[in-house]
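The next block holds one structure in the form of structure tokens; read it before the comments.
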Amino acid sequence: MRKKVLLLAVSCKTGGLCPGGLDLDNPSKWIRIVKDDGHGGAVQGNEIDFAEPLDIIEFDGRPMPQGKQQENWVIDNNSCRKTGSETEAVLDWAYQQYAYKGFWRNYKAFLNEQEFAAVNAPSESIMRVTDVRIYRNERGSAKIDFDWDGAQYRIKGVSMTDIDFYDRIQDGDITFENALIITSIPKECDWTLPQTGERRAYKFVSKIFEI
């Protein structure tokens, strides 16, 4: 099936990249591009024609849903080509078009096993947020804090996989007032709390656009 996608994120993933964006045939829906390895693994830059966020790509592919990540697609026959680019002016349109703008019904950096099992929303969200702080925690992990929903909720310690900020936060925190962020959940509960055995699914922010 031929697909045309406006990329909104090309984030770090173990072993490579995790690209995703709006299905331009139906921009209320997300397409995440994964490797055809049975595990939804990372792809390499050459597999998406070295495209970046706000580029448009076209490819022949097929859906490969896994767990909560029903939006996963694989590319067939090395067919992906970059065909154009947009400016950040497209972001307001993208936000209006895309169907899910929530945070999976809690205000924490993770979902516990029961919360995760109850998810019936897409695994990708586009959110407008304020009072953004991007930083490394005491263990050196990249994190983001932000206010959401009219500053009613302060959300802290969410994992951050936007490669554009990895080097920049080596020199200290980055802050700004307003942003549009791309936020995701994993396909399954991917971490176990050693003290209790509780399984968790950690949310992560894959792209940050200052606005």
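None of these values were measured; they are calculated from a predicted model.
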**Report entry** Pair F165-I144, side chain to side chain contact (heavy atoms under 4.5 Å, CB included): steps then yes or no
**Finding:** CA-CA 11 Å; F165 286 92; I144 180 172; over 6 Å; no
Query - I169 vs R136 side-chain heavy atoms within contact, under 4.5 Å - result: yes
Requested in this report: Compare every heavy atom of I126 with every heavy atom of L22, then report the nearest pair and how far apart it is.
Outcome: CD2-CD1, 4.3 Å
Query - Heavy-atom side-chain contact between E115 and V119 under 4.5 Å - result: no
**Report entry** Y166 and T161: CA distance, side-chain angles, deciding distance, side chain to side chain contact (heavy atoms under 4.5 Å, CB included) verdict
**Finding:** CA-CA 8 Å; Y166 275 0; T161 60; 3.9 Å; yes
Query - Flag if over 12 foreign heavy atoms under 6.0 Å of CZ, R2 - result: yes
Query raised in the report: Given S28 and Q97, is the side chain to side chain contact (heavy atoms under 4.5 Å, CB included) satisfied, shown in steps?
Result: CA-CA 5 Å; S28 68; Q97 293 293 314; over 6 Å; no
Requested in this report: Report the distance from atom CZ of F204 to atom OG1 of T183, rounding to the nearest 0.5 Å.
Outcome: 9.0 Å
Requested in this report: Is it possible for you to say whether I155 and L180 belong to one hydrophobic cluster, with membership spreading through side-chain heavy-atom contacts below 4.5 Å?
Outcome: yes
**Report entry** Salt-bridge contact K156-D145 (side-chain N to carboxylate O under 4.0 Å)
**Finding:** no
Query raised in the report: In the single-linkage hydrophobic clustering (I, L, V, M, F, W, Y; side-chain heavy atoms under 4.5 Å), do V158 and L193 co-cluster?
Result: no
**Report entry** ILVMFWY clustering at 4.5 Å (side-chain atoms), partners of M64
**Finding:** V34, V74
Query - Co-membership, hydrophobic cluster, residues V205 and Y135, 4.5 Å side-chain - result: no
Requested in this report: Report whether Y98 and V90 are members of the same hydrophobic cluster (ILVMFWY, side-chain heavy atoms less than 4.5 Å apart, transitive linking).
Outcome: yes
**Report entry** Check: W30 side chain, N72 main-chain N or O, donor-acceptor pair, under 3.5 Å
**Finding:** no
Query raised in the report: Between the side chain of E198 and the main-chain N/O of N112, is any donor-acceptor distance below 3.5 Å?
Result: no
Report task. Check whether any side-chain heavy atom of H39 sits under 4.5 Å from a side-chain heavy atom of K187, and report yes or no. Result -> yes
Query raised in the report: Within a strict 4.5 Å, meaning less than it, do heavy atoms of the L91 and E86 side chains meet?
Result: no
**Report entry** Interatomic distance, R81 atom CZ to D55 atom CG [nearest 0.5 angstrom]
**Finding:** 14.5 Å
Requested in this report: Using a 4.5 Å cut-off on heavy atoms from C-beta on, say whether the side chain of F209 contacts that of L54.
Outcome: yes
**Report entry** Heavy-atom donor-acceptor pair, K203 side chain to F103 backbone, under 3.5 Å
**Finding:** yes
Requested in this report: Decide yes or no on side chain to side chain contact (heavy atoms under 4.5 Å, CB included) for K207 and D164, but give the supporting numbers first.
Outcome: CA-CA 8 Å; K207 184 61 186 174; D164 289 339; 2.5 Å; yes
Query raised in the report: Just by modelled atom types, is the D60 backbone N or O under 3.5 Å from a matching donor or acceptor in the S79 side chain?
Result: yes
**Report entry** Heavy-atom closest pair, residues W73 and K3
**Finding:** CH2-CE, 3.4 Å
Report task. Mark yes or no for whether D131, through its side chain, and F146, through its backbone, hold a donor-acceptor pair below 3.5 Å. Result -> no
Query raised in the report: With a 4.5 Å heavy-atom cut-off, do D149 and D147 have their side chains touching?
Result: no
Query raised in the report: Is it true that K4 and D25 have a side-chain N and a carboxylate O under 4.0 angstrom from each other?
Result: no
Query raised in the report: Closest approach of A94 and L8, non-hydrogen atoms and distance?
Result: CB-CD1, 4.2 Å
Query raised in the report: Would you find a donor on one side and an acceptor on the other, under 3.5 Å apart, between the side chain of S125 and the backbone of G102?
Result: yes
Query - Closest contact, heavy atoms only, R199 versus T192 - result: CG-OG1, 3.9 Å
Query raised in the report: For R32, which of Q66, Q70, E124 qualifies under side-chain contact (heavy atoms from CB on, under 4.5 Å)?
Result: E124
Query raised in the report: Do L24 and I56 touch side chain to side chain, with heavy atoms closer than 4.5 Å?
Result: yes
Query raised in the report: Are side-chain N/O atoms of T130 and N178 paired as donor and acceptor at under 3.5 Å?
Result: no
Requested in this report: Give, for atom NZ of K68 and atom SG of C189, the distance between the pair rounded to the nearest 0.5 Å.
Outcome: 9.0 Å
Report task. Would you mind reporting whether F176 and I134 have side-chain heavy atoms less than 4.5 Å apart? Result -> yes
Report summary line: Note: F116 and A201 closest approach over all heavy atoms is CD1-CB, 3.4 Å
Report summary line: So CD1 of I185 and OH of Y202: to nearest 0.5 Å the spacing works out to 14.5 Å
Distance-only donor-acceptor hits, side chain of residues 40-53, under 3.5 Å, sequence neighbours excluded:
from, atom 1, to, atom 2, distance (Å)
Q44, NE2, G15, O, 2.7
E47, OE2, Q44, N, 2.8
D49, OD2, K82, N, 2.9

Query raised in the report: Hey, what do you get for CZ (R128) to CD1 (I181), rounding to the nearest 0.5 Å?
Result: 12.0 Å
Query - Gap between atom CG of N106 and atom OH of Y153 - 0.5 Å precision - result: 11.0 Å
Requested in this report: Look at atom NZ of K29 and say whether more than 12 heavy atoms of other residues, nucleotides or ligands are closer to it than 6.0 Å.
Outcome: no
Query raised in the report: Quick one: do I182 and V129 end up in the same hydrophobic cluster if we chain Ile, Leu, Val, Met, Phe, Trp and Tyr together by side-chain heavy atoms under 4.5 Å apart?
Result: yes
Requested in this report: Can you see which heavy atom on C80 is nearest to which on I75, and at what distance?
Outcome: CB-CD1, 3.7 Å
